[in-house]
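First comes the structure, then the notes that go with it.
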Protein chains: 2
Amino acid sequence: MARRSTQAASEGTDKAKPVTSYDVAREAGVSQSAVSRYFTPGASVSARTRAKILKAVNKLGYQPNAIARSLITRRSSLVAVVVANLGFNPEFTSILGQSLSARGLNTLLFTLDHESDADHVIDQLWQYRVAGVVAAVTLPPRHVDMLSQREIPLVFVNRAYEEVPVNSVSCDQSEGERWLVDELCAAGHRRIAIVSGPEDSPVSRQRVSSAAERLANAGVKPVEIVVADFTYQGGREAMRKLAAGPARPDAIICANDMLAIGCMDEARHALGLRIPEDISIVGFDGSAPGQWASYDLVTIRQPTNLMVDAAIDMLMARIDDPQLITEKRVFSGELVRGASARLADT
Amino acid sequence: MARRSTQAASEGTDKAKPVTSYDVAREAGVSQSAVSRYFTPGASVSARTRAKILKAVNKLGYQPNAIARSLITRRSSLVAVVVANLGFNPEFTSILGQSLSARGLNTLLFTLDHESDADHVIDQLWQYRVAGVVAAVTLPPRHVDMLSQREIPLVFVNRAYEEVPVNSVSCDQSEGERWLVDELCAAGHRRIAIVSGPEDSPVSRQRVSSAAERLANAGVKPVEIVVADFTYQGGREAMRKLAAGPARPDAIICANDMLAIGCMDEARHALGLRIPEDISIVGFDGSAPGQWASYDLVTIRQPTNLMVDAAIDMLMARIDDPQLITEKRVFSGELVRGASARLADT
DNA sequence: AGAAGTTTAGCATTCGAATGCAACAATTGA
DNA sequence: TCAATTGTTGCATTCGAATGCTAAACTTCT
């Protein structure tokens, strides 16, 4: 085993030179405190020292060390973003990252496949003393409690908990499903099937139960409820199953756009059905592919931008005052009247 | 006023209690050093103290503070992942994040809209003393130099530089385009157009020039080269322009799948063309939507998993030994013989 | 049992920036 | 002009874990 210190010291060709606030202070002829204050928004530094420091900073190419800063201030500019691998709008992550960045926060991204990975994620984000957490997945209540005990602000997106008070922003799933059901029923559909997402997905469960309930109100019993995962392939298989069943439905309510797209492709390209003449298909999300001309989905568009902004607002309010009362913000979706379903004329 | 849960409300002054290694040491009756060594893989700790510490750790719920550790070791477990907002496979980010996580690294995600944002990103990742950088965007040479001076390992994905030596993994764009061109020519296409991505995108430039070159070799001059951005809408507009031009092409080579999808939708749904009877369209990427039945694109599938693994391998090798010579790994793509283009029979 | 070698434990220091405090300078008011 | 006020500055300490070094405890071998 080689001794690194001696080696590194001897071979000093082009060495990385970590510039510290002390270096800047020496260069500018001021104290390290002054340099620190220079980078602290509210601090009092005279114009003269300001100028001297600025010069030294530029000369040396100094960048404050966020690690050291976090250590002493006990807070970082990192926000953990926890998303599920499947079933979530990839554009959401992108928009969220950009909004965070615009507010000077950095994104620590965690993608989880299985809920069980949550333990690991919680450990990691705690180790990094993140300033907050935006979760678009379900976390077990004990993790929610843990974060709240540790006073780490947490905002859920499209999740709500009965048991624990949490901040959340969401799109009104029930309302959206009611709209969809009403549209389908008004257009005369009666043999309606539902394609559900995974059974452990709260979003899917909520959408499916809302739709089923509204159907029941309208005196319609779903001809079938098929469970699929939140993938294109899942949608195709679901459609295949429905077509093979006893009474082919004349309308399908899918738990998200991806499933709807899969259903449409299977219906058209494998089963030779016409949409919406032979069968109506509706989704939920308002994802980009759903709006492509090939699909032109009837769906509920979630106001992603609004939701992201709201989430960040809540998070930052919490960061400033961790004692704030929890709040849930629910946005209405927007019915997108595409051509994938036969709807009543407006 | 909202009602609070019994748990949270019971303790009026529930304070966050940051457990440190000293707390654990006291609880276990050992020194702080011992606790530290307990969490250091190669360190020597006797079975007895190990047990005592483990007990204390569990009792107090201790998690080492990654910030403090990073400060003293001068390295973090963070890897910066820099991607462009448009034009890149979202699944790439997801896979990369998971692979990093599997190796104990965390993902600091930066999404950039404009290349000019790169300055800010470089500042941020340097401030956090990231262990490495995976970039799927072009960075100005000065930034590449800066990272190399600071000895921060850097791996590019699908970018290569002539001027500076950098690590990179990529898919062989030229080879892929040659395959596509050859297929189209062999099938008898002669009026071939190209839809390019943004002119400041190296990936697009490389693909377009490779295709154009191969066409020239075959004695074919592109009927037109249309520039678009890397979006669905861009593809649609490009197709519209091409159709309005003097000689409508019988085949279109698109700089990526998204553009190809846009072209297909415009051709079919706005122009009433049949694909591939009236016009052949090919893409590049092998993205998921391109493989959906509605499109069934002829394209080049990039081996995303291989590329991600290779990138991480290179990065980790660099982290272990920053002096390693730079290396470029180029993978072949895979021709996907879909139905979006009329190809010669095999 | 004693010498020589090997683990293991603890002390003290280190990483780099933020901040309370006290000293000092600059400004204002009388 | 001097005192009171306000604004700046630097010193010294702090955050929490890692690590070189030394001393102590344990093995191993003769």
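Chain naming here is simple, since letters A, B, ... match the order of the sequence lines and numbering starts at 1 in each. None of the values given here were measured: they were computed from a predicted structure.
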Report the distance from atom CG of A/Asp23 to atom P of C/dC15, rounded to the nearest whole Å. 11 Å
By side chain to side chain donor-acceptor pair (under 3.5 Å) - contacts of B/Glu27 (at least two apart): B/Lys59
Those residues at least two apart in sequence (or on a different chain) that pass side chain to side chain donor-acceptor pair (under 3.5 Å) with B/Ser76 are none
What residues form a salt bridge (charged side-chain N to carboxylate O under 4.0 Å, His left out) with A/Arg103, not counting sequence neighbours? A/Asp313
The criterion is side chain to side chain donor-acceptor pair (under 3.5 Å); which residues satisfy it with A/Arg74, sequence neighbours excluded? none
Just jot down the salt bridge (charged side-chain N to carboxylate O under 4.0 Å, His left out) partners of B/Arg142, sequence neighbours excluded, or say none. B/Asp119
In whole Å, what is the span from the CZ atom of A/Arg75 to the C1' atom of C/dT19? 15 Å
Contacts to DNA chain D from residues 36-47 of chain A, heavy-atom cutoff under 4.0 Å, which residues? A/Arg37, A/Ser44, A/Val45, A/Ser46
Would you say B/Arg159's side chain and B/Ala136's backbone share a donor-acceptor pair under 3.5 angstrom? yes
Apply ring-ring contact (aromatic ring centres under 6.0 Å, His included) to the pair A/Tyr38 and A/Tyr62, showing each step before the final yes or no. CA-CA 12 Å; A/Tyr38 177 86; A/Tyr62 169 74; 9.1 Å; no
Could you identify which residues of residues 59-67 of chain B place a heavy atom less than 4.0 Å from some atom of DNA chain C, listed by residue number, or say none? none
Is the distance from OP1 or OP2 of D/dC15 to the nearest side-chain N or O of A/Arg74 less than 4.0 Å? no
Is B/Ser33 touching bases, backbone alone, or none of the nucleic acid, heavy atoms closer than 4.0 Å? base
Please give, in whole Å, the distance from D/dG16 C1' to A/Arg69 CZ? 18 Å
Whole-Å distance between D/dA18 C1' and B/Gln32 CD? 7 Å
A/Tyr22 meets the ring-ring contact (aromatic ring centres under 6.0 Å, His included) criterion, sequence neighbours left out, with none
Taking only the side-chain heavy atoms of B/Ala34 (C-beta and beyond), determine which of C/dA17, D/dG16, C/dG10 contains the nearest atom. C/dG10
Partners meeting salt bridge (charged side-chain N to carboxylate O under 4.0 Å, His left out) with B/Arg329 (sequence neighbours left out): none
Set of ring-ring contact (aromatic ring centres under 6.0 Å, His included) partners for B/Phe156, sequence neighbours left out: B/Tyr161
Counterpart residues, side chain to side chain donor-acceptor pair (under 3.5 Å), relative to A/Gln98 (two or more places apart): B/Asn85
What is the distance from CZ of B/Arg48 to C1' of D/dA25, rounded to the nearest Å? 11 Å
Given D/dG16, D/dA17, C/dA17, the nucleotide with the shortest approach to the side chain of A/Leu71: D/dG16
Atom-to-atom span, OH of A/Tyr128 to P of D/dA17 - whole angstrom: 14 Å
If an axis is fit to five pairs at each end of the helix from C/dA1-D/dT30 to C/dA30-D/dT1, what is the angle between the two, to the nearest 10°? 30°
Check every strand shown and say whether A/Val30 touches a base, only sugar-phosphate, or nothing at a heavy-atom separation below 4.0 Å. sugar-phosphate
Taking only side-chain N and O atoms of B/Arg50, does any of them lie within less than 4.0 angstrom of OP1 or OP2 on C/dT8? no
Checking A/Ile312 against A/Leu96 for the side-chain contact (heavy atoms from CB on, under 4.5 Å) test, could you report, in this order, the C-alpha distance in whole Å, the side-chain angles of both residues, the deciding distance, and whether it holds? CA-CA 8 Å; A/Ile312 298 183; A/Leu96 182 56; 3.9 Å; yes
Rounded off to whole Å, could you give me the CD1-to-C1' distance for the B/Ile72 and C/dT13 pair? 8 Å
Looking only at side-chain N and O atoms, does A/Thr49 come under 4.0 Å of OP1 or OP2 in D/dT9? yes
Is there a donor and acceptor pair, one atom on the side chain of B/Ser70 and one on the base of C/dC15, closer than 3.5 Å? no
Rounding to an integer number of Å, can you tell me how far B/Gln127 CD sits from C/dA18 C1'? 15 Å
A/Ser31 vs D/dG10: side-chain N/O to OP1/OP2 distance below 4.0 Å: yes
